[in-house]
Number of protein chains: 2
Amino acid sequence: MLELRLVQGNLLKKVLEAVKDLVTDANFDCSSTGFSLQAMDSSHVALVALLLRSEGFEHYRCDRNVSMGMNLNNMAKMLKCAGNDDIVTIKADDGSDTVTFMFESPNQDKIADFEMKLMDIDSEHLGIPEAEYHAIVRMPSSEFARICKDLSSIGDTVVISVTKEGVKFSTRGDIGNANVVCRQNTTVDKPEESTTIEMHEPVSLTFALRYMNSFTKATPLSSTVTISLSSELPVVVEYKIAEMGYIRFYLAPKIEDEEEDVKP
Amino acid sequence: MLELRLVQGNLLKKVLEAVKDLVTDANFDCSSTGFSLQAMDSSHVALVALLLRSEGFEHYRCDRNVSMGMNLNNMAKMLKCAGNDDIVTIKADDGSDTVTFMFESPNQDKIADFEMKLMDIDSEHLGIPEAEYHAIVRMPSSEFARICKDLSSIGDTVVISVTKEGVKFSTRGDIGNANVVCRQNTTVDKPEESTTIEMHEPVSLTFALRYMNSFTKATPLSSTVTISLSSELPVVVEYKIAEMGYIRFYLAPKIEDEEEDVKP
DNA sequence: AGTCAGCGTC
DNA sequence: GACGCTGACT
C-alpha cells in the first residue's frame, strides 16, 4: 500500500513538465526515504535524477519499496487536470498495475481521482558517485534559461568556461559568434538574484544546447540553478525543490576538438 | 573605428522588428551625423529610411563614414538576445568584415557580445527631396495600425482621403465596403491621443494595404504617426523616434482608375 | 497567423 | 488579485 499526500500539488505538475520532454517512460521508485526517479533521455545522452524526500509530503506511507513504470506524457496529462492549489495524493495498492492520482481542491469542494495504467520498464539504476567538481556556478535559473535560449538562436553547442572572474557561455554559428559573461555578484540584496562561483580549477567544457534547453524546463521549480563542472565528468545542472529534494540533469561534455579532429 | 553606445537598447530591437519584414538585407550608414539606413523593400515598391542622430547616443564615435551591409533577420536575432533594459553598443573596426553588438545588463553583471558577419550589398542611396505635401495627418499610431488591420480584412487597397473635416480610410472588397473617418480632434488632453490635420489642398490617394500593414510594425516606436500626402507623390508614413530621429516609409500611390481603365 | 500560457504591472 | 502584454506553440 502506497499513499503519498502532497499539499503543494503543483510541484508535481512542474516536475512533470520538466522531465516529460526528455524522457517518455520511466520508473518512479518509492521507498521509505522518498519518491524518486532516474532515467536516461531517449537518445541515452542525458540523465535525469529526481528526488522528493518523504519529509516533504504531508502524509507519506510506503509499506514496501515499489517501482512504478509510467508513461510521463500520460502522467503529465493527468496532473494537468489538477488545479494549481490542489492537494495531490498518489495511491497504489500492492501488486496493482495501476496508480491513482487524487486531486482535492483547497476548500474540499472538488475531489477528483485519475487512475493510470502502469507499465513494465526495465531500467538500470545507475549509482551516481558524489564527485568533486572543479567549479560550481550558482545563478538565477531564469538567467541561465535566457542565456541558453539566446545562444541556441546562434549555434548548436555552448562552451561554458569558468574563471575566478565569472562564467562565460560561448557559441558560434553561421551568422556569427556570441559570448555571454556573468560576473560573480553577491552584492545583490536577494540571494536568489546573485551569481556565485566556487572554483577550484578553471574549466571549459562544451555541451549541446539542445539538452541544456530541455533542462531549463525545470526553471519554474527553483529560482536558482547550480551548474557543477569538471573536465571529463558530466555536467550536473541542479534545481533544488524547496523542502523536498532536487531535480538533477547530467550531460556528458562534447570532446572539445571533436569537429577539428575529423582530418584524414 | 566605430563605437555607438545606446542606453535605450530596446529602441534598436524595435527598429529591427519594424524593418526586417520589409527589407531582408540593407546597408547601415554611419557618419558623424548619425546612424542611418535607406533601403527598398524586396519588391522595390516601398522605401524605408531610418535615422538615429548621433546626439541620441550616450557615446558616439565614428572616425570615418562607413557603410555596413547586414542581414536584418540575423541582426534581429542577435538583438533579441539583449534584455529590454540592456545598454547596447555597436562596434566595428575599420576595414573589418564583422560588426559586434555588445549588451550590458543595467547592473553590469552580465556582458554579452555578439559578432556578426557583414555582407556586401550594393544599394543606390536615393536623395529624397523635401517636398511640400497637400495634407499632413497626425494621429495615434495604434489607431492607424488598427484601421489598416481592420480594412485589410475587407479589401486589398485603402483610399486615404483628406478634407478639412477629417481623414477617411476606405476600402472595398468582395464582401462589401468599409469607410473609417477620423475627425480632427485637438480637444483631447494628451497630444499623443489627438488627431490633427494640416491641409492645403484636399487629396485622395490609393495604397496597397499590405505595405501599410508592414509599416505599422513600427507602432511600438512612437505613440503617434504622421502621414504626409500629395497627389502624384509617394506617401510618407513617419514614426518619430524620441530624441533620436525617425523611421519613414515611402510608398507610391496606385493610380486611382488603374483597374477601371482596363477597358478596350 | 491565431491561440494559449506565463510574467509583469496596476 | 486581476488585467494586459509578451513570448511560445500549433
Side-chain angles (χ1 to χ4, degrees), chain A residues 8-22 24 72-73 76-86 105-107 139-154 188-190 192-193 209-225 239, chain B residues 8-18 20-22 73 75-86 103 105-107 110 140-143 145-156 173 175 190 192-193 208-223:
Chain A
Q8 214 183 333
N10 72 348
L11 257 181
L12 253 197
K13 298 177 68 169
K14 289 181 192 167
V15 162
L16 260 101
E17 290 306 310
V19 180
K20 73 170 211 282
D21 288 343
L22 213 53
T24 55
L72 298 191
N73 275 306
K77 267 187 200 170
M78 294 200 161
L79 288 173
K80 271 191 185 154
C81 302
N84 265 335
D85 304 325
D86 282 5
S105 65
N107 54 20
M139 65 190 294
S141 57
S142 56
E143 197 171 326
F144 177 62
R146 175 70 196 264
I147 291 168
C148 290
K149 178 176 140 280
D150 283 350
L151 293 190
S152 54
S153 75
I154 311 289
V188 183
D189 304 347
K190 304 160 193 164
E192 67 266 27
E193 285 177 11
L209 277 166
R210 187 185 138 220
Y211 289 102
M212 287 292 168
N213 277 317
S214 279
F215 301 167
T216 60
K217 295 274 159 66
T219 303
L221 282 166
S222 174
S223 58
T224 61
V225 63
Y239 297 82
Chain B
Q8 212 182 335
N10 73 348
L11 258 181
L12 252 198
K13 298 177 68 167
K14 290 181 191 166
V15 163
L16 260 102
E17 291 307 310
K20 74 170 212 280
D21 288 342
L22 214 52
N73 275 306
M75 183 177 172
K77 260 188 202 172
M78 294 200 160
L79 288 173
K80 270 191 186 152
C81 302
N84 265 335
D85 304 324
D86 282 5
F103 310 140
S105 67
N107 55 19
K110 195 181 82 176
S141 58
S142 56
E143 198 171 327
R146 177 66 197 266
I147 291 168
C148 291
K149 179 173 145 279
D150 286 350
L151 293 191
S152 55
S153 73
I154 313 287
D156 298 328
I175 67 169
K190 302 163 193 163
E192 67 267 24
E193 285 176 11
L209 277 167
R210 188 187 138 217
Y211 289 101
M212 286 293 169
N213 278 316
S214 279
F215 302 167
T216 60
K217 295 276 159 65
T219 302
L221 280 166
S222 174
S223 57

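For the numbers below, each heavy atom of this structure counts, side chains included, while hydrogens, waters and symmetry mates do not. Here is the naming used below: chain letters follow the sequence lines, and residue numbers restart at 1 for every chain. Just so you know, these numbers come straight off a predicted model, no measurement behind them.
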To the nearest angstrom, how far is E17(A) atom CD from dA5(C) atom P?
11 Å

In whole angstrom, give the distance that lies between atom CG of N84(A) and atom C1' of dA5(C).
11 Å

Over how many whole Å does the gap from K13(A) atom NZ to dA5(C) atom C1' extend?
12 Å

Other residues, nucleotides, ligands: >12 heavy atoms within 6.0 Å of D156(B) CG:
no

In whole angstrom, give the distance that lies between atom NZ of K20(A) and atom C1' of dC9(D).
12 Å

K14(B) atom NZ is separated from dT6(D) atom P, nearest whole Å, by 9 Å

Under 4.5 Å between any side-chain heavy atoms of Y239(A) and T216(A), yes or no?
yes

If I take atom CZ in residue R146(A) and atom P in nucleotide dT6(D), what distance separates them, rounded to the nearest angstrom?
15 Å

Tell me: NZ of K80(A) to C1' of dG6(C), nearest whole Å?
14 Å

Mind checking K149(B) for me? I need base, sugar-phosphate or nothing, with any heavy atom below 4.0 Å counting as a touch.
nothing

With the side chain counted from C-beta on, respond yes when T224(A) and P140(A) share a heavy-atom pair under 4.5 Å apart, and no when they do not.
no

Could you tell me how far apart D85(B) (CG) and dT6(D) (P) are, to the nearest whole angstrom?
14 Å

Check whether any side-chain heavy atom of S105(B) sits under 4.5 Å from a side-chain heavy atom of D85(B), and report yes or no.
no

